[in-house]
Structure formats: C-alpha cells, structure tokens
Amino acid sequence: MNKIIEVKHLKKNYGDKEVLKDINAVIEKGKVITVIGPSGSGKSTFLRCLNLLEKPTSGQVTFEGTELTDLTEEELDQLRQKMGMVFQSFNLFPNMSVIENVKLVPMKVKGMSDQEAGDLAHELLAKVGLDDFADHSPASLSGGQQQRVAIARALAMQPDMMLFDEPTSALDPEMVGEVLKTMQDLAQTGMTMVVVTHEMGFARKVADEVWFMADGYLLEQGSPDQVFDHPQSDRAKDFLAKILEA
Amino acid sequence: MKKIKKSGKLVVGMSADYPPLEFTKNVNGKNKYVGVDVELAKQIAKDLGVKLEIKNMDFDSLLVALETGKIDMIISGMTPTAERKKSIDFSKIYYAEKSDYFVISKTNKAKYTSTASFKGKTVGAQTGSLQYTSLKKNAAKSGIKVKGLAKISNLLMALKSGKVDAVLLGELNAKTYATNDTSLSLVKSSLSQAQMGNAVGVAKGQGDLVKAINKTINDCQKQDLFNKKYIPAAAKAMKQASSKTNNSMSKYASYFATGLGYTMIITICSITIGLALGVIFALMRLSKNKLLHAIAVCYIEFLRGTPQMVQIMFVYFGVGMLIKNMPALAAGIIAIGLNSGAYVAEDIRSGINSVAKGQTEAARSLGLSQAKTYRYVVFPQALKNIWPALGNEFITLTKDSSLVSVIGVGELMYETGLVQTATYRGVMPLFITMCIYFVVTFILTRLLNYFERRMNLTSSRA
Ligand SMILES: Nc1ncnc2c1ncn2[C@@H]1O[C@H](COP(=O)(O)OP(=O)(O)O)[C@@H](O)[C@H]1O
C-alpha cells in the first residue's frame with residue numbers, strides 16, 4: 001500500500017462555524033476518489049485543505065511523506081506544483097492566450113525555456129484535443145474547452161496528483177461530456193485524482209473509491225458499489241435517494 | 001545680519017500687487033518689480049553691500065515666511081500693529097498715510113457720500129490688510145458687511161461686477177487706482193484711526209539689522225527721497241504698466257509660457273513621485289503585515305481627508321522649518337506628489353481588488369509564489385482597471401498644480417496673477433489661462449485614451 005496523502009483529525013473553522021469536523025482519510029497512489037455529498041457539506045473546503053489553499057484550523061495533512069501544515073509559504077509553493085487543481089470556474093488567465101496560460105508557470109517556476117514550455121504545451125493541448133486553439137484567447141472558447149485548457153495547464157507542472165473541484169458544475173449540459181471524457185482518459189494513465197462532483201454516473205463509473213461527506217464529516221468511504229448500493233448512514237441513503245430520483 | 005552678509009544676498013518679501021508701493025512691470029516680456037518699497041529695498045541692500053532678491057507672495061503669507069526664514073525682511077506697505085509686533089520686529093516708520101478711502105464706481109457718486117452711507121452695504125478689502133481689520137472691527141457699529149480677497153486687482157474686479165459696493169484702500173493705493181481708472185471715484189473713510197504708517201519687518205532678535213535699516217531710512221528721509229524720487233518713479237512705472245500698448249495680452253505671452261513650463265514640470269515631477277508612492281502604499285495596504293497596513297491606511301486617509309492647499313502650505317512652511325532653503329518649487333512638487341500618492345494608491349488597490357480571487361487561487365495552486373502571482377497574473381489584469389483611473393489622476397493633478405501659486409511658485413496660475421496686476425485687467429488673463437489648461441488637459445485626455453485603446457487591443461486579440 002503506497003499512500004500519497006494522509007489526513008488526520010483535520011478541522012477547519014470559519015469564525016465560529018465548523019466546516020470540517022475531524023476528517024481522517026488516506027489516498028493511495030494511482031487511485032481515483034470521487035467525493036459526493038449535499039452542497040455546503042464541506043467538500044470544496046476539504047479539497048482546498050489538501051493543497052493548503054485554505055489553512056486547516058487543526059490536524060495534519062501529509063503529502064508524499066511531508067507534513068504540510070507547518071511548512072513555510074516557499075516550501076508550500078514547491079509542493080503545490082505536485083498537486084494540480086482544476087476549479088469550477090476554470091480560472092484561466094484572460095489576459096493571455098491559451099498556450100500562454102499553459103506555458104506561464106513551467107517557464108516562471110521551473111525555468112523552462114520558451115521552446116521547451118511551448119513543446120510541452122502543444123503536447124498537452126493535443127492531449128485534451130485543443131491544439132488548434134493554442135493562439136486563441138480563453139474568452140473565445142466554450143466553457144468545456146476552457147475547462148480542458150485548465151486541465152492541460154495543471155498537467156503542465158507534471159503533478160503527482162490532481163484535485164478537481166466540481167469541474168463540470170459551471171458547464172452547459174452538452175459540454176459536460178467532453179470534460180468528463182478528458183478526466184476519464186487522465187484516470188486511465190494512472191494519475192491519482194480526487195474529484196468533488198455532482199455527476200453521479202461519472203462518480204460511480206470512474207472511481208476506485210467513493211467518499212460521502214455530510215455536515216463536515218466523512219461519513220462513508222468505500223467502493224462505488226458499496227456506497228451507491230449499500231450506504232450505511234441515513235444521511236447517505238437520503239442523499240442518494242433524492243439524487244437518483246431526480 | 002551675518003547670514004545676509006555671508007550669503008551676499010538680501011531676500012525681501014513683498015506682496016507685489018500694491019501699487020505704487022510694490023508692483024510688477026513687464027520689461028521686454030520680463031517681469032520686473034517696481035514701486036516705492038522696491039526702491040527702499042534697493043537702497044537697504046546697497047547700504048548693506050549685498051545683492052537684492054525679491055520674493056513675491058500673498059500678503060497673508062509674509063509673516064510666516066519671515067518667521068520660517070524664507071525671507072530676511074518684509075517691505076510690503078506693512079503697518080507695525082501691536083498684533084504683528086508679537087511675532088516680528090519692525091524698523092521705524094518710513095512712510096505714513098493720512099487716511100483710508102472707499103473706492104466706488106463713479107456712477108454711484110451721488111449715492112455714497114460718507115462712511116455712514118455704506119451701512120448695510122458690502123465693502124471689500126485686502127485680506128490681512130489694515131483696512132480689512134478696521135472694517136471687521138467696526139462692522140457692528142458701521143453696519144458694513146466685509147468681503148476679504150487676497151488681491152487688490154480681484155477686489156476691483158468684484159467692484160466692477162457688483163459683488164461689492166466699495167473697496168476700502170489706503171490713501172496711496174486709492175489715489176493711484178483712481179487716477180489710473182477714471183470710472184472710479186473716492187470717498188474718504190472715517191473708520192480708521194490715525195495711520196501708523198509703514199515699516200520694515202524683520203525676524204525677532206536682530207537688533208543690528210533693525211539699526212542698519214533705520215539708518216538707511218533716516219538717510220532717505222533726510223534727503224526726502226520718498227517724495228522726490230521714489231514716488232514719482234513709481235507713478236511713472238505705473239503709468240507705463242497701465243498704458244494701452246502694455247495691456248495687450250500678446251506682450252505677456254512669455255509670462256504664460258513660463259507659467260505653463262513650470263506647470264508641466266510640477267505635473268510631471270509630482271505624478272512620478274505620486275506613482276512611486278502609490279505603488280508602495282497600495283502594496284503596504286494590501287499587505288498582511290498589520291503595521292505596514294496601518295501605516296498605509298493612516299497615510300491614505302489623512303492625505304485624502306485634508307485640503308490640498310493646506311498640505312502645500314504645511315510642506316512649504318512647516319517642513320521648510322526643518323530643511324532650510326527648500327525652494328518653493330520643490331516644496332510644491334513634494335506636497336502635490338505626496339497627495340497624489342494617496343490617490344494613486346487607492347486607484348491601484350481597487351484595480352488589484354477587482355481581479356477575481358479565482359485568478360490568484362489558480363496561480364497559487366500551480367505553485368506560483370505570491371510575488372510571482374502578483375507580477376504575472378494579478379498586476380497585468382489590474383493594470384487595465386488602474387490605467388483609466390491613473391489617467392484621471394494625471395489630469396486632476398495638472399489642474400491642481402495651480403494650487404502651488406499660494407506659496408509663490410511661478411506656475412501658470414501665479415503668472416496669471418502677475419499679468420493681472422501688471423495690466424489691470426482681471427478677466428482676460430484668467431480666460432487665457434483657462435484656455436491653456438483646457439488645451440493641455442484635452443491633449444492629455446486624447447493621449448491617454450489612445451494608450452488605453454492600444455492596451456485593450458493587445459490584450460484581447462483572438
Ligand atoms: N471563505 C469562507 N468563509 C466563510 N465560510 C465559508 C467559506 N468558504 C466556505 N464557507 C462555508 O463552509 C461551508 C462548506 O462550504 P463548501 O466546502 O464549499 O461546501 P461544498 O463544497 O460541500 O458545497 C458552507 O456553509 C460555506 O458557506
């Protein structure tokens with residue numbers, strides 16, 4: 001068993017509000033985890049605590065053997081390179097072209113030459129099927145295309161794992177498929193992935209493990225079949241009944 | 001006195017809009033100070049064996065300028081009142097007037113015949129002058145409403161446009177203005193007590209200097225130089241200054257040109273200072289460090305919450321006490337630069353805040369450091385919002401640079417004042433100045449728009 005992330009007694013408060021209450025979990029290398037649960041249950045917050053975009057109030061997050069919660073900002077910058085993140089709202093840099101979005105960080109952080117970064121970017125854009133759009137501005141792309149560029153941009157840092165925060169929630173329905181397909185392809189390459197999603201079909205089909213969160217607790221962890229077909233907690237039963245009905 | 005001898009230069013302060021005592025004359029496009037007081041100043045400098053330098057400023061600013069060492073003495077038709085004696089010393093009286101006069105429009109000659117007829121009327125006087133004080137003091141008794149303005153030329157304009165019903169001036173002034181302008185008429189005032197006359201003001205504790213000045217005054221009075229030489233000379237200069245040919249604006253083009261030059265220098269230097277300070281204070285205000293943040297907030301709020309005019313005078317007089325011999329131009333540039341720094345800081349901060357939070361998060365999640373995130377992601381996007389705001393700031397600053405005329409910097413507004421007093425024309429110089437400001441800001445606006453468009457083009461290519 002080769003764990004890439006271990007979370008122990010993770011808590012996160014915003015002011016008086018306890019958003020995460022004692023989360024314990026292990027993620028193994030190469031596994032795809034999908035995180036489901038009602039909105040407001042703390043899924044995004046949990047994901048953002050994994051790469052410390054949010055500082056946990058207490059508890060530990062260990063990534064590849066390094067405890068993250070007491071690292072300096074500089075050390076964190078190093079480690080974040082190994083954890084790509086894709087956001088609900090894409091967050092492409094609107095003042096740069098598609099390829100510049102992908103090239104920027106490899107050049108500025110890894111010190112790649114323009115040529116090297118360009119080759120890498122073209123390769124990744126080809127992988128997500130968008131090399132033809134390299135010189136377009138992000139605003140001229142559809143939502144689905146933008147999200148695929150965002151995935152390519154995250155992959156350009158050659159991360160060891162990828163975090164996805166509701167990557168398809170902001171998309172028109174007809175574009176969800178292309179993004180999920182890209183993610184599925186990525187999963188097939190053996191990438192470790194944590195995906196917060198409302199796409200139950202995808203959650204079930206692609207995941208090695210499904211986690212169910214409610215009220216700041218990680219209530220269920222198990223194989224897709226276990227969680228979807230034999231949920232233990234009432235919260236999960238409720239949630240799944242409502243979701244699958246709709 | 002030692003200081004004067006050592007520097008070989010006597011700096012005399014005056015408010016050169018007070019003919020025939022002190023005023024300006026255009027000699028081949030150059031500004032020259034002339035008048036009775038100027039003659040006296042020349043004599044004093046000669047007797048001290050030093051060169052004379054005249055600093056022209058508002059009458060109100062003279063005392064502070066003397067106290068802060070900006071000038072060595074005041075010769076500006078100043079009366080040694082008990083009030084003034086508290087803060088500075090005076091020489092003996094060198095010239096005394098007998099009475100004050102109400103200057104009125106000739107058409108009202110029948111209406112106003114004595115002091116009593118001004119009851120319920122508005123009378124103007126030069127702020128800080130003896131006439132102003134006497135009006136104020138007697139306001140209740142005489143029933144006269146007082147309006148104070150800094151310059152006689154503006155007072156006479158107010159008279160002509162009906163803003164005031166009369167202007168109270170000292171004898172010399174009243175008579176010379178009435179001689180020069182036949183539409184004016186005089187009514188003797190019974191308000192003022194016997195005139196004390198004018199004396200030279202020096203900073204406290206300079207007995208040797210006062211003695212030297214008194215000696216010069218005695219010599220002059222013995223030879224009756226005032227009546228024989230100085231006053232006729234002044235009258236002649238006045239006549240020349242007010243003659244029709246000398247009144248045409250084209251003769252004063254060089255004044256406006258000099259003024260515009262200084263206005264541009266002030267604008268460019270202070271916007272540079274403002275930009276540098278603005279970036280620093282914006283970053284400080286956005287910083288997580290509580291102390292830096294607090295300093296920046298205090299600075300920005302304080303400078304935005306106090307009048308710029310006060311700031312300019314504070315820098316010139318207040319800070320000038322610490323740094324001796326700070327030229328008014330430098331003080332003006334610093335004051336305006338400091339002020340604009342506060343506004344630029346806010347422009348930059350709101351520009352940065354307008355960049356979506358997701359941009360920073362995306363950049364940080366990729367491993368870009370905070371500094372690099374600012375540099376490559378946030379700042380280029382913020383610039384698009386900051387640029388128009390900065391453009392506005394630039395234009396505001398061009399206009400606000402006119403405020404430094406209060407400390408006697410020879411920029412456009414100040415030169416306009418000179419032209420006004422030299423030509424006895426109030427409105428025309430102002431109109432020309434307005435046009436100049438407008439042309440400058442109009443060109444600036446076009447230029448800034450052009451760059452703004454170019455920037456939008458480069459960042460939105462498809
Ligand atoms: N920056 C924040 N400040 C205060 N409260 C927050 C912040 N971010 C999230 N929350 C609150 O934390 C709770 C969990 O949010 P989130 O993690 O986004 O849930 P989910 O992703 O499951 O919908 C919500 O009630 C939300 O209002």
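- In plain terms, the two heavy atoms of B:Ala362 and A:Phe87 that are nearest each other are CA-CE1, 3.5 Å.
- For A:Lys82, the NZ atom sits in a loose shell: 12 or fewer heavy atoms of surrounding residues, nucleotides or ligands are nearer than 6.0 Å.
- Across B:Gln359 and A:Phe93, no two heavy atoms sit closer than the pair OE1-CD2, 3.0 Å.
- Interface check for chain B: of the options A:Asn91, A:Val105, A:Leu53, the most heavy-atom pairs under 4.5 Å are formed by A:Asn91.
- Ion pair A:Asp77/B:Arg364 flagged as a salt bridge, since at least one NZ, NE, NH1 or NH2 atom sits closer than 4.0 Å to an Asp/Glu carboxylate oxygen.
- Here CG of A:Leu50 is found 13.0 Å from OG of B:Ser365. Values are rounded to the nearest 0.5 Å.
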Q: Evaluate side chain to side chain contact (heavy atoms under 4.5 Å, CB included) for A:Arg48 paired with B:Glu361, printing each intermediate quantity in order.
A: CA-CA 10 Å; A:Arg48 295 151 67 86; B:Glu361 289 188 339; 2.4 Å; yes
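- Most heavy-atom pairs under 4.5 Å with chain B, from the set A:Gln81, A:Met157, A:Glu73, A:Lys108: that is A:Lys108.
- Nearest heavy-atom pair, A:Asn95 versus B:Tyr376, reported as atom, atom and distance to 0.1 Å: ND2-O, 4.3 Å.
- Crowding of A:Met112 atom CE: a count of heavy atoms from other residues, nucleotides or ligands under 6.0 Å exceeding 12.
- Heavy-atom contacts from other residues, nucleotides or ligands closer than 6.0 Å to NZ of A:Lys181 number 12 or fewer.
- Contact count versus chain B (heavy atoms, under 4.5 Å) is highest, among A:Leu52, A:Leu163, A:Leu92, A:Leu76, for A:Leu92.
- Contact annotation for B:Ala356: neither backbone nor side-chain heavy atoms come within less than 4.5 Å of a heavy atom of chain A.
- Annotation: side chain of A:Pro94 is in contact with side chain of B:Gln381 (closest heavy-atom distance under 4.5 Å).
- Other residues, nucleotides and ligands contribute over 12 non-hydrogen atoms within 6.0 Å of the OH atom of A:Tyr14.
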Q | Full working for side chain to side chain contact (heavy atoms under 4.5 Å, CB included) between A:Leu104 and B:Val377 | A | CA-CA 9 Å; A:Leu104 177 77; B:Val377 176; 4.0 Å; yes
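- More than 12 heavy atoms of other residues, nucleotides or ligands lie within 6.0 Å of OH in B:Tyr437, so this atom counts as buried by the packing criterion.
- The parts of A:Arg153 that come within reach of chain B are both its backbone and its side chain, each placing non-hydrogen atoms under 4.5 angstrom from that chain.
- When the shell of 6.0 Å around NZ of A:Lys55 is examined, it contains more than 12 heavy atoms from other residues, nucleotides or ligands.
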